[in-house]
Asker: 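Below are the structure tokens for one structure; questions will follow.
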Protein chains: 2
Amino acid sequence: MQSEKEIEDFILNGHKQYLNNLSVDCVIFGFHDQQLKVLLVRITGRKDWVLPGGHVNIKETVDQAAIRVLQQRTGIDNIFLQQFQVFSEPDRSRIDWLYKVLKKYYPVVKKDNWLLQRFVSVGYYALVEYTKVTPLLDMMSDASEWWGLDELPPMLMDHRTIVNEALQALQAGLNSKPIGYNLLPRKFTMPELQSLYETILGKKLDRSNFSRKMLAYEILKTNGDTRKGAARKAPFLYSFDLIKYRKALKEGLNTGW
Amino acid sequence: MQSEKEIEDFILNGHKQYLNNLSVDCVIFGFHDQQLKVLLVRITGRKDWVLPGGHVNIKETVDQAAIRVLQQRTGIDNIFLQQFQVFSEPDRSRIDWLYKVLKKYYPVVKKDNWLLQRFVSVGYYALVEYTKVTPLLDMMSDASEWWGLDELPPMLMDHRTIVNEALQALQAGLNSKPIGYNLLPRKFTMPELQSLYETILGKKLDRSNFSRKMLAYEILKTNGDTRKGAARKAPFLYSFDLIKYRKALKEGLNTGW
DNA sequence: ATTCAATGTGTCATATCGACCAAATTGAAC
DNA sequence: GTTCAATTTGGTCGATATGACACATTGAAT
């Protein structure tokens, strides 16, 4: 993926190719086993985890930088992502720590290296279909795994905060962003959709009423196929009617006024 | 406010004191004559207008930079402000244009000056009480005025876009941010509050139902004082019950779920 | 006294909500 | 094959909220 030579070049000459004080961090959400998960990365030889992130090329927008990072991490194109907040505490970068890590890879690195400056980070949350992701590594990381939101490992810098804020943004966008569409497989059952809503909102919803409401929006379509395989009634398979779905989201799925 | 010497120092040495690729732009909203207004600034000797903005000091957060800009522009402390989006098109900065303007002030400026780099800007919207604002100038601007949203003057770079996005963020936050509180004077009448809602939402609301609903939230308090001065029944003066108001906003003023 | 807008209250049809029940359907157990 | 358990799906119903009006009253200015 990245050669030693490329990394060396990145460390030494990255300041010419990337914006020097700006980075992106991505909270990648997936949904599995009725749980929201986030994809985290472990720095090679370290025990703490970080969010997948990266720098902004001088020729690209911040959104494009985030898309690039996500593509490199998950192997997926066309990921839904949403900018939600800028994180800019002057001392958020843990420069002393980063210096040690860098020095391990590239012993002659100097203290005035561009990577050891202060970085302001643009926070994104991304939604992916859990099963489609193959967590990928690069030379700076030796692990890339899904973690349940309730059992997150120790995370570096302010990354834990970023996850929390991302979750809030996700909750806030439930009725106006295509969250169901991007987090579920193309075909899904009503109970699966409900379970997604329940985990994001953190509360139980009435099964019967939920179904009625979703169907009333007319954003779902089905051809009558069912998901068999268990000793119970086989639930119908639905998929989103994208045209109507997008239209409905523009108005917002609920609120008056 | 700023001496020639200070400006010269800013141009020549600002790159040591401020982040080199990051700025803030503020859409300052006020409410007057039943209209939303934004405070714009005209560059000295130019006819186009820009949003009040500024650079981020290496020791401050982006929020603090925005607060500083707002304070310098309006003379008000404790302004409510809300980050809403990052603007990062690589060519948004109109560097050629900026070069000409700079050169006018400071003829020996060079093309590699830090101000002529690409800037990513964090967009904020701010809410102020219209009457409390005294638009202030600095040496780079020769006018600072309120403009109605329907009659904005030509604006430089992507600032018109930023205003549009800010308005959408404002609308989206109407039920969860203290918008009424920050845009209206401390005491206000029910018709004034309704008019604010109507202009932000861009539609008429039923008077009777609006009043009933607002009072039902129990976020308003009154001591029975009225606003006299017109040939009609004097409307009651209300103010927000901050404790209940904040609590209500946390839940959101409307939606189910 | 007259005018005018603000306010308070009421109604009424309709929509929505939440809670609950009944019917239908599936694989598994026997 | 029949029965059973689990779960989906659809229907009911009362309580509540909404939106659109109507009507009476108030109080300040002139």
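Residue numbers begin at 1 in each chain, while the letters A, B, ... track the order of the sequences.
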Asker: Of all the heavy-atom pairs spanning G148(B) and Q35(B), show the shortest one and how long it is.
Answerer: CA-NE2, 4.1 Å
Asker: dA6(C) P sits how many Å from L205(B) CG, rounded?
Answerer: 15 Å
Asker: Check every atom of dT9(D), dA6(C), dG8(C) against the side chain of P235(B) and return the nucleotide holding the closest atom.
Answerer: dA6(C)
Asker: Rounding to a whole Å, what distance do you find between L215(A):CG and dG10(D):P?
Answerer: 7 Å
Asker: Among the candidates dT8(D), dA28(D), dT7(C), find the nucleotide nearest to the side-chain atoms of P191(A).
Answerer: dT8(D)
Asker: So that I know where these two stand, are Y130(A) and F31(A) an aromatic pair - ring centroids less than 6.0 Å apart?
Answerer: no
Asker: Output the single nucleotide from dT9(D), dA6(C), dG10(D) whose closest atom is nearest the side chain of S208(A).
Answerer: dG10(D)
Asker: Give the intermediate values and the outcome of side-chain hydrogen bond (donor to acceptor under 3.5 Å, both in side chains) for residues E129(A) and N182(A).
Answerer: CA-CA 6 Å; E129(A) 190 189 323; N182(A) 286 288; over 6 Å; no
Asker: In whole angstrom, what separates D225(B)'s CG from dT26(D)'s P?
Answerer: 20 Å
Asker: Output the rounded distance in Å from CE (M214(A)) to C1' (dT9(D)).
Answerer: 16 Å
Asker: For I200(B) and Q171(B), which heavy atoms make the closest approach, and how far apart are they?
Answerer: O-NE2, 3.0 Å
Asker: Round to a whole Å and report the spacing from CZ of R207(A) to C1' of dA22(C).
Answerer: 12 Å
Asker: Between P on dC17(C) and OH on Y217(A), what's the gap in Å once rounded to a whole number?
Answerer: 7 Å
Asker: Any N or O donor-acceptor pair linking the side chain of N209(A) to the base of dG18(C) at under 3.5 Å?
Answerer: yes
Asker: Rounded to whole angstrom units, what separation is found between the CE atom of M190(B) and the C1' atom of dT9(C)?
Answerer: 15 Å
Asker: Could you please name the option among dT18(D), dT9(D), dA20(D) that lies closest to any side-chain atom of K213(B)?
Answerer: dT18(D)
Asker: Taking the side chain of D206(A) as its heavy atoms from C-beta onward, which of dA6(C), dA19(C), dT9(D) lies nearest to it?
Answerer: dA19(C)
Asker: Using atom OH of Y238(A) as one end and atom P of dT8(D) as the other, report the distance to the nearest whole Å.
Answerer: 11 Å
Asker: Take the angle between the ring planes of F29(B) and Y125(B) and call it parallel below 30°, perpendicular above 60°, tilted in between.
Answerer: perpendicular
Asker: Got a donor-acceptor pair under 3.5 Å from the side chain of R212(B) to the base of dG8(C)?
Answerer: no
